[in-house]
Amino acid sequence: VQLQASGGGLVQAGDSLRLSCATSGRTVSAYTMGWFRQAPGKERLFVAAISWIDGSTYYADSVKGRFTISRDAKNTVYLQMSSLKPEDTAVYYCAARSGNVVYTQDREYNSWGQGTQVTVSS
C-alpha cells in the first residue's frame, strides 16, 4: 500500500491542524494505520493508531485528549490535532501494517508515507 501524507504547516500554540494520509494500491480494510512523529535529533515516536476494520484507536499519553485519529470511506486516515504545543513540533509520518492489531512500535509497520512537517510556535 502507498501512503501520501499532507496537511502539515506552521501554527501557533493552541491552534489546531488536521493531517491527512491518502492510501492507494491496496484496500486497507484489513489494515492498521498509525501516525508517528520525529523531532530533530530524536527518535521516531508513536502518536496514534486505528484499526480499520473496527475503528478501535490508541494514543500516546502525550497526545491523548488533544489528538484524534479517524478514517473515512475514501481510504484516507486523518489526525486531528488540537491545543497544539511547541513540543508537538516534528515531522509526522503515517504508516500501515496488515492486520487488525494496533501496535505502537514503528518496526511493526511496513509501509510509510513521506512525512509532513508540523511546526508549533510559542
Side-chain angles (χ1 to χ4, degrees):
V1 61
Q2 289 77 50
L3 307 176
Q4 180 74 34
S6 62
L10 172 63
V11 297
Q12 294 186 331
D15 284 351
S16 298
L17 202 60
R18 189 178 77 161
L19 305 183
S20 300
C21 178
T23 69
S24 62
R26 282 179 178 261
T27 179
V28 291
S29 59
Y31 274 65
T32 293
M33 305 296 297
W35 285 97
F36 292 78
R37 67 187 181 185
Q38 188 168 23
K42 297 188 177 181
E43 62 180 342
R44 187 163 56 190
L45 298 176
F46 171 77
V47 174
I50 185 168
S51 172
W52 202 283
I53 195 167
D54 63 7
S56 58
T57 58
Y58 193 82
Y59 297 92
D61 288 343
S62 60
V63 306
K64 203 171 294 183
R66 300 188 298 122
F67 291 11
T68 302
I69 188 171
S70 62
R71 82 257 195 259
D72 69 9
K74 298 181 179 178
N75 294 332
T76 299
V77 177
Y78 302 97
L79 185 68
Q80 178 68 48
M81 306 184 293
S82 303
S83 302
L84 282 162
K85 305 175 182 180
E87 50 263 45
D88 294 319
T89 295
V91 176
Y92 283 71
Y93 299 90
C94 60
R97 69 177 306 278
S98 60
N100 301 315
V101 177
V102 173
Y103 287 93
T104 62
Q105 303 92 340
D106 59 357
R107 65 178 180 270
E108 299 291 344
Y109 293 78
N110 46 29
S111 296
W112 290 84
Q114 83 286 7
T116 184
Q117 175 72 46
V118 173
T119 303
V120 184
S121 64
S122 58

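Numbers for residues simply follow the sequence, beginning at 1. As the structure is a computational prediction, the values presented were derived from the model and not from experiment.
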Q | Cluster check Phe67, Val11: I/L/V/M/F/W/Y, side chain < 4.5 angstrom | A | yes
Q) Is it true that atom NZ of Lys64 has more than 12 heavy atoms of other residues, nucleotides or ligands lying nearer than 6.0 Å? A) yes
Q. Any link between Tyr93 and Tyr103 through a network of hydrophobic side chains (Ile, Leu, Val, Met, Phe, Trp, Tyr) touching at under 4.5 Å?
A. yes
Q: Would you check if the side chain of Thr89 reaches a backbone N or O of Val120 as a donor-acceptor pair within less than 3.5 Å?
A: yes
(Q) So which atom in Ala96 and which in Tyr31 form the shortest heavy-atom distance, rounded to 0.1 Å? (A) CB-CD2, 3.9 Å
Q) Does any N or O in the side chain of Thr32 come within less than 3.5 Å of the main-chain N or O of Arg97, such that one atom is a donor and the other an acceptor? A) no
Q.
Between Thr23 and Asn75 (side chain of the first, backbone of the second, donor and acceptor by atom type, cut-off under 3.5 Å), is there such a pair?
A. yes
Q.
Tell me the closest heavy-atom pair linking Ser20 and Trp35, and the distance in Å.
A. O-CH2, 3.6 Å
Q. Going by distance alone, is a donor N or O of one side chain under 3.5 Å from an acceptor N or O of the other, for Gln117 and Thr119?
A. yes
Q | Val1 to Arg26 - nearest heavy-atom pair and separation | A | N-CD, 4.0 Å
Q. Under a single-linkage definition using a 4.5 Å side-chain heavy-atom cutoff for Ile, Leu, Val, Met, Phe, Trp and Tyr, are Tyr58 and Val101 assigned to the same hydrophobic cluster?
A. yes
Q. In Å and rounded to the nearest 0.5 Å, what is the OG1 to CZ distance from Thr68 to Arg18?
A. 11.5 Å
Q | Among Ile69, Thr104, Leu79, the one residue meeting side chain to side chain contact (heavy atoms under 4.5 Å, CB included) with Val47 | A | Leu79
Q: Output yes when a side-chain donor or acceptor of Gln114 lies under 3.5 Å from a complementary backbone atom of Ala5, and no otherwise.
A: yes
Q | Nearest heavy atoms of Leu3 and Cys21, plus distance in Å | A | CB-SG, 3.9 Å
Q | Any side-chain heavy-atom pair of Met81 and Asp88 under 4.5 Å | A | no
**Q.** Single-linkage hydrophobic cluster Tyr59~Leu84, side-chain heavy atoms < 4.5 angstrom
**A.** yes
Q: Supply the atom-to-atom distance Met33 CE to Ser70 OG, rounded to the nearest 0.5 angstrom.
A: 11.5 Å
Q. Take atom CD in Gln105; do more than 12 heavy atoms of anything else shown fall under 6.0 Å from it?
A. yes
Q. How are the rings of Phe36 and Tyr109 set to each other: parallel, tilted or perpendicular (split at 30° and 60°)?
A. perpendicular
Q: Kindly give the heavy-atom pair with the smallest separation between Ser16 and Gln80, and that separation in Å.
A: CB-NE2, 3.9 Å
Q.
Test your reading of the model: is there a side-chain donor-acceptor pair from Ser51 to the backbone of Val102, 3.5 Å cut-off?
A. no
Q.
Can you confirm whether Asp72 sits close enough to Tyr78 that some side-chain heavy atom of one is under 4.5 Å from a side-chain heavy atom of the other?
A. yes
Q. Looking only at heavy atoms, which two atoms of Arg37 and Ser62 are closest? And how far apart?
A. NH2-OG, 3.5 Å
Q | Listed partners of Asp106 passing side chain to side chain donor-acceptor pair (under 3.5 Å), at least two apart | A | Arg44
